[in-house]
Amino acid sequence: MKKIYDHIQVEEKWQKFWEEENFFQQTDVVPAGMEKDYLLFAFAYPSGSGLHVGHVESKTALDILARFKRMNGKHVFFPVGWDAFGLPAENYAVKTGVPPVVTTKNAIDTFRRQIKRLGISYDWANEIATNHPGYYKWTQWLFLKMYQKGLAYRGKGMVNWCPQDQTVLANEQVVNGKCERCGTQVIQKELEQWYFKITEYTEELISGLDQVDWPKPTKEQQLHWIGKKNGIEIEYPVEGTDQSIICFTTRPDTNFGATFIVLAPEHQFVRDILDKKIPLTEEQEKHLPKLARYVQQTAEKTELDRQAEGKRKTGVFTGFYVLNRLNGKKLPVWISDFVLAGFGTGAVVGVPGHDLRDFQFARTFDIPVIRVVVGPDKNEGEITDESQVQEEAGHMINSEFLNGLEIHEATEKMMDFLEDNGWGKRTVSYKLRDWLISRQRYWGAPIPIVYDPQGNAHPVKEEHLPWMLPTDVDFKPTGESPLKSSKEFFERTERLYGKGWTPECDTMDTFVDSSWYYLRYTDSRNESAFADKEKMAKLLPVDMYLIGPEHIVLHLLYSRFFTKFLRDEGYLTFDEPFMKMRHQGMILGPDGKKMSKSKGNVITPDEIIEKYGADTLRVYEMFMGPLESDKPWDTGSVIGVYRFLQRIYQLYQTGVTEKEAPGLVSALHATIKKVSEDIPELKFNTAIAALMIFINQWEESIKKAKVGINAENANAFLKILAPFAPFLSEEIYQSLNSSAKNLKKSVHYEEWPKHDPKQLIQEKVVVVIQVNGKLRGEVEIPQEDINNQEVVIAAATSSPQVTKWLEGKEIVKEIYVAGRVVNLVVK
RNA sequence: GCCGAAGUGGUGAAAUGGUAGACACGUCAGACUUAAAAUCUGAUGCCUUCAACAGCGUGUGGGUUCGAGUCCCACCUUCGGCACCA
């Protein structure tokens, strides 16, 4: 009778065994002569709803890699932790009054239990959670380090404000004008906020990408985000004043076609007019009310309003003119919200003939349009329609000394000319801004700053770290930081710093927590440093980072910034934290849509493990398709993997024989080769297919000839199966070798088998025959003739399948690809 | 609009420029069973067909090549990201 593999009982048994024996806990030192391998996954936010099958994918993938590398003699560092600060826990607290520290702990406990059931071989001894005072003490310490170096600063600025969450959002956290978290329309607000000066490292954030092995599209997205543009700042004197307006442009070649200037409503010059710091003529005074109203309106506009406006241009004339020194023309100065205060100089020179937005603006306000570029259509006439606006290619006209030049040549010549005359200066502009880290939230690390009675900022003293997050707060959103409601927090500040001193009540963006967690892993219990320098030098940088594509821009940019800063401070010896990075795709619901509670398409690992076991879940998810692509979950298909594992278990009852089938042994070596090649490339789906093929062959051999493979080879197969199905392979390994003398403690401590190339050599090779590129037959060629073209061609042309296609034809060409294909070209 | 990725059976998917559809699900037929589930065996791209070693087939249209899912050009569709960035 067949023995049924009882996954529940078996998996519990080995999970307990591995845990009791501290199987995968690393000593924190890399043993001499061993190469380290640091495998990292993006630590998760422990949400209340627990793990879903999507979480399982990346964890399993890296676990397979970890086990494979251990068996290949690497010192694997595979830590785990929790990105535990964040909004959901706090929102839950607002609703229910349960403190975030409680919900977070419960959520982590659930996650931990679920992950352990999956058999992920994490180094639990170094587990971290960013909400733990032992962790955020160092988050705060790093803030102070930045503060000392002038890289953390306080500044006034327009910020994105979410009225629902009652907090500031980074630009990156505003999606389509809505809050990334809750979907509420974001508005603009001016506030005093803390920033990190990431722009200090802009150039290195660009050049450092050359050092790392990341997917190309990821690098491109980062570059795009940084948005480096070479251009020139041109100075335009304002008529009737001693001021001038500076415009940034990448296309000064078109400057003879300039007909106006547009400022962002937030531009300093506009403020100066409104504040009457600039003497106004009577005529100019008349523009003031309109101007003031427009500035006011812009400030109140939400991102969504701006979007709803679409391309429709609005604006107001300031009453001022500047001088275009190239041709002595007067250009009217306008303001419009299509010009962004944060890019370039917040002022744009309007060339309506050759910039679509400028054209639309000129049309709306009846400003003249001048053609200075002739495009590939050779049209030199007036520009009257959007479709005629030539931006990308052509030659100059109506531009005096530039006439006839190709636009790129003209750009260079114009830049030289402007610089030579002192009217402009070449410059580089970036989209990247400093990182706004203040959050008016409770559940985060408090910013370690206190204010003296005069309101000046002072760093919290190092001996007062961790600067504890108070617990006596009111979670109800008031528009102000919840920490303001803590009596203890204010009392503490006065006690430690003096009467009238007050604490900073904002907390840090959770991206700060996650910008350095991979450093803390290396020395997670250190109480006197964020991590020991030597330990970091030994284990870092990260060798493989597996991360979802959603983190491409922010988290990676911030982490790289931290790394470069800490390197400059002498703590780190490398430039880039993540040497190799790959992305896992998303596991979609059975309906092909993103899994979400509200859609009711969430599959939990618990239900699958209950029914089929953790090994089945692991192997199924790896078998679904390429790691990096999005894949819909199909519960129906899980059964196939379940059957596969059951059949393996059955085979080991009957398939291990003293006499071996030679073809089977050779097939095993081919399988070892394939699996060994696929795992490092993260091609788990094809590795599993190879394992399945071998099991099919082995089964067939037993059925037909009653011969299988011997114990040694049977063990070899178990070893290559072990990373994928750790429980099943351990179970079989232990019972198969129960009488063996020098048994390793576990299959997972075994050495990875090597394939024997001699075993892969076939006696006969099938060569395919094509006639004029079409498949017409095949011949078997003995191994020794495989490189003898004459023999192979002769065999091919005399093959009965082929002769009928050659009848009455002349062979004009013979192509032979050794061991694969013959192509006969006939006429 | 710009940047990026991807289009292959009923489904998830394989395929260093060299036998397209490996492997798996599903489906159909059969075995076992009172029956069902489970398990096992066989078939399964489409089409003509008694059967095909015949024809057609990797989003569309061209091209390069002895040979193209794979390389090149143009286009269509889907999905991600950015989006008035001067």
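Chain A is the first sequence line, chain B the second, and so forth, proteins listed ahead of strands; every chain is numbered from 1. Predicted model, so just to flag it, every value in this text is computed and none were measured. Below, each value reflects all heavy atoms present in this structure, side chains not excepted, and no hydrogens, waters or symmetry copies.
- Asn685(A) comes within 4.0 angstrom of the backbone, heavy atoms only, and of no base.
- Taking the O4'-C1'-N9-C4 or O4'-C1'-N1-C2 dihedral as appropriate, rG9(B) has a value within 90° of 0 and is therefore syn.
- Checked against rA54(B), rA24(B), rU39(B), the side chain of Trp805(A) finds its nearest nucleotide in rA54(B).
- The residue Asp355(A) sits apart from the nucleic acid: no heavy atom pair falls under 4.0 Å.
- Under 3.5 Å, the side chains of Thr298(A) and Asp337(A) contain no donor-acceptor pair of N or O atoms.
- Checking rA15(B), rA24(B), rG12(B) against the side-chain heavy atoms of Met624(A) singles out rG12(B) as nearest.
- When heavy atoms are screened at a 4.0 angstrom cut-off, Lys703(A) is found touching the sugar-phosphate backbone but no base atom.
- In this model, a donor atom of one side chain and an acceptor atom of the other lie less than 3.5 Å apart for His583(A) and Thr218(A).
- Nucleic acid contact for Ile552(A): none, since no nucleic acid atom lies under 4.0 Å from a heavy atom of the residue.
- You'll find that the side chain of Asp337(A) is closest to rC84(B), out of rC84(B), rU19(B), rG4(B).
- Aromatic ring pairs are classed by plane angle as parallel below 30°, tilted from 30° to 60° and perpendicular above 60°; the pair His267(A) and Phe269(A) is perpendicular.
- The nucleotide whose nearest atom lies closest to any side-chain atom of Arg820(A) is, among rA24(B), rU39(B), rU19(B), rU19(B).
- Residue Glu220(A) is in sugar-phosphate contact alone, with no base atom involved, counting any heavy-atom pair closer than 4.0 Å across all strands shown.
- At least one side-chain nitrogen or oxygen of Arg643(A) sits closer than 4.0 Å to the OP1 or OP2 atom of rC25(B).
- Comparing rA15(B), rA13(B), rC82(B) by their nearest atom to the side chain of Pro626(A) picks out rA13(B).
- Pair check for rU34(B) finds none; no Watson-Crick or G-U wobble contact set falls under 3.5 Å.
- Side chain of Ile639(A), nearest nucleotide from rC23(B), rA54(B), rG26(B): rG26(B).
- Using a 4.0 Å heavy-atom cutoff across all strands shown, Val817(A) reaches at least one base atom of the nucleic acid.
- If you check the side chains of Glu621(A) and Thr60(A), you find no donor sitting under 3.5 Å from an acceptor.
- Using the Watson-Crick or G-U wobble rule with both distances under 3.5 Å, rA14(B) pairs with nothing in any strand shown.
- The side chain of Lys431(A) sits closest to rC82(B) out of rA54(B), rC23(B), rC82(B).
- Listed nucleotides rC25(B), rC66(B), rA54(B) differ in distance to Arg776(A); the shortest reach to its side chain belongs to rA54(B).
- Using a 4.0 Å heavy-atom criterion, one finds that Lys774(A) contacts the sugar-phosphate atoms exclusively.
- Closest to the His224(A) side chain, of the nucleotides rC23(B), rC82(B), rA54(B), is rC82(B).
- When both distances must be under 3.5 Å, the Watson-Crick or G-U wobble mate of rG21(B) does not exist.
- The residue among Ala341(A) and Lys704(A) whose nearest nucleotide of RNA chain B lies closer to the 5′ end is Lys704(A).
- Counting only heavy atoms from C-beta on, Ile693(A) has its side chain closest to rC23(B) among rC82(B), rC23(B), rU19(B).
- Among the heavy atoms of the strands lying under 4.0 Å from Gly636(A) are primed sugar atoms or P, OP1, OP2 only; no base atom is included.
- A donor-acceptor pair shorter than 3.5 Å can be found between the side chains of Trp633(A) and Thr635(A).
- Searching all strands for a Watson-Crick or G-U wobble partner of rU77(B) with both distances below 3.5 Å returns rA6(B).
- Remark: rA43(B) base-pairs with rU27(B). Criterion, Watson-Crick or G-U wobble with two distances under 3.5 Å.
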